[in-house]
Amino acid sequence: MTEETMTKGTEELNKMVANATANQEEKERFSIENDDQLKWAFQMMEEKRKEIRAKKDMIQQATDYYESQIKDLRKDIDYFKGLAMQYAEEQADEDPNWSFKESPYGQIIRTKGKTDLTAVDKKSLIKQFEGTEFVEHVEEDKLKWSDLKKTLSSPDGEHVTNSDGELVNGVEVVTKPSSLVMKHKNTKGNWAEKED
């Protein structure tokens, strides 16, 4: 770049700054002095409103376009998930301990089976544990299920007993089998099941 070109570029930039400054000063110096100028000011405001509406429309169109693109991409992800889970299930049928953790982009792990207890008859439980710390009497008797649940167990996976070994009615044993779970790295870099 020659010195002459640099000088012309600097001169043009200086002119632009001077014009912008003059336009700003002109806006600041202008004052409405009659009804025609007031009409003109209203006309200018309406033109600016139209510009704002046009820009908002453009933003909405862009948003709609990209949301449509994201919807299509999610369908693609679901398709590939289906393929991966089909393969994983085939492998797990052959080897119940199969899992896949060799990719930085995703993994398939087997969750452990789990037994949980569910209160199905709270009135029966209140009657059985009345007078203990697991039943709170306010206006009505209220079962402190989360505290009681910690003291219960199901040694045979079918019946529920308390810490003294007594049979407890009103509680159901729910068994959740092991399952294959697909995970990917989320935006924070953690392994997650849900999409961002």
Side-chain angles (χ1 to χ4, degrees), residues 48-126 128-129 132-136 138 142-163 165 167-196:
K48 299 304 175 189
R49 286 187 193 102
K50 285 179 183 176
E51 284 184 47
I52 289 171
R53 283 192 293 268
K55 291 194 185 306
K56 284 184 176 181
D57 287 346
M58 289 174 65
I59 290 169
Q60 187 60 51
Q61 288 172 7
T63 300
D64 292 346
Y65 172 78
Y66 287 113
E67 283 178 356
S68 172
Q69 295 269 314
I70 289 169
K71 186 177 179 182
D72 291 343
L73 292 169
R74 290 200 189 283
K75 284 180 186 177
D76 291 345
I77 289 170
D78 289 342
Y79 171 74
F80 288 112
K81 274 186 178 178
L83 293 176
M85 288 306 287
Q86 181 180 353
Y87 174 80
E89 287 167 6
E90 291 169 0
Q91 297 305 306
D93 286 344
E94 291 178 24
D95 177 7
N97 295 320
W98 181 89
S99 65
F100 180 80
K101 297 180 182 178
E102 291 107 34
S103 171
Y105 306 110
Q107 56 181 257
I108 298 176
I109 59 171
R110 178 171 293 284
T111 62
K112 293 182 179 177
K114 176 173 138 176
T115 301
D116 197 13
L117 305 177
T118 303
V120 290
D121 185 358
K122 289 191 178 182
K123 288 182 181 179
S124 172
L125 289 167
I126 288 171
Q128 185 173 355
F129 290 94
T132 68
E133 77 261 25
F134 303 118
V135 177
E136 182 178 42
V138 185
K142 180 182 173 191
L143 182 67
K144 295 180 176 180
W145 172 243
S146 60
D147 293 339
L148 174 59
K149 184 177 175 181
K150 293 174 188 172
T151 67
L152 303 178
S153 64
S154 177
D156 62 0
E158 195 172 318
H159 299 93
V160 178
T161 59
N162 65 12
S163 56
L167 196 60
V168 176
N169 295 317
V171 178
E172 186 177 283
V173 178
V174 179
T175 303
K176 297 177 183 176
S178 67
S179 62
L180 293 172
V181 175
M182 184 182 302
K183 294 186 174 189
H184 69 282
K185 290 275 179 127
N186 63 14
T187 53
K188 295 179 182 175
N190 300 322
W191 290 107
E193 290 178 54
K194 295 184 178 178
E195 296 294 331
D196 295 332

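For the numbers below, each heavy atom of this structure counts, side chains included, while hydrogens, waters and symmetry mates do not.
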Quick one: pull up NZ in K185 and OG in S103 and give me the separation to the nearest 0.5 Å. 10.0 Å
Nearest-0.5 Å distance, NZ of residue K149 to CG of residue D116: 3.5 Å
Is there side-chain contact between L117 and V173, with heavy atoms separated by less than 4.5 Å? yes
Under 3.5 Å, is there a donor-acceptor pair linking the side chains of Q61 and D57? no
To the nearest 0.5 Å, tell me how far M58 CE sits from T63 OG1. 11.5 Å
side-chain contact (heavy atoms from CB on, under 4.5 Å) with Q107: which residues, sequence neighbours excluded? K101, I109, K183, W191
How far does CD1 of I126 sit from CH2 of W145, to the nearest 0.5 angstrom? 11.5 Å
Would you indicate whether the side-chain heavy atoms of W98 and I108 approach each other to under 4.5 Å? yes
Which pair of non-hydrogen atoms, one from E195 and one from K81, has the smallest distance, and what is that distance? OE2-NZ, 3.0 Å
Minimum heavy-atom distance between Q128 and N169, given as atom pair plus value: OE1-N, 3.4 Å
Please walk me through it: do R53 and R49 pass side chain to side chain contact (heavy atoms under 4.5 Å, CB included)? CA-CA 6 Å; R53 283 192 293 268; R49 286 187 193 102; 3.9 Å; yes
Atom pair CD (E133) and CG (L148), whose distance is rounded to the nearest 0.5 Å: 9.0 Å
For R110 versus S178, what's the shortest heavy-atom pair and its separation? NH1-OG, 3.2 Å
I need the L83 CG to Y87 OH distance, nearest 0.5 Å. 12.5 Å
Can a donor-acceptor pair be found, under 3.5 Å and without considering hydrogens, that links the side chain of T161 to the backbone of L167? no
Which residues satisfy the salt bridge (Lys or Arg N to Asp or Glu O under 4.0 Å) test with D121, sequence neighbours excluded? none
Ignoring hydrogens and geometry, is there a side-chain-to-backbone donor-acceptor pair from T118 to V120 under 3.5 Å? no
Within the 4.5 Å heavy-atom criterion, are K56 and Q60 side-chain neighbours or not? no
Please answer whether the main-chain N or O of S179 pairs with a side-chain N or O of T111 as donor and acceptor at a distance below 3.5 Å. yes
For V168 and V171, the nearest pair of non-hydrogen atoms, with its separation, is CG1-CG2, 3.9 Å
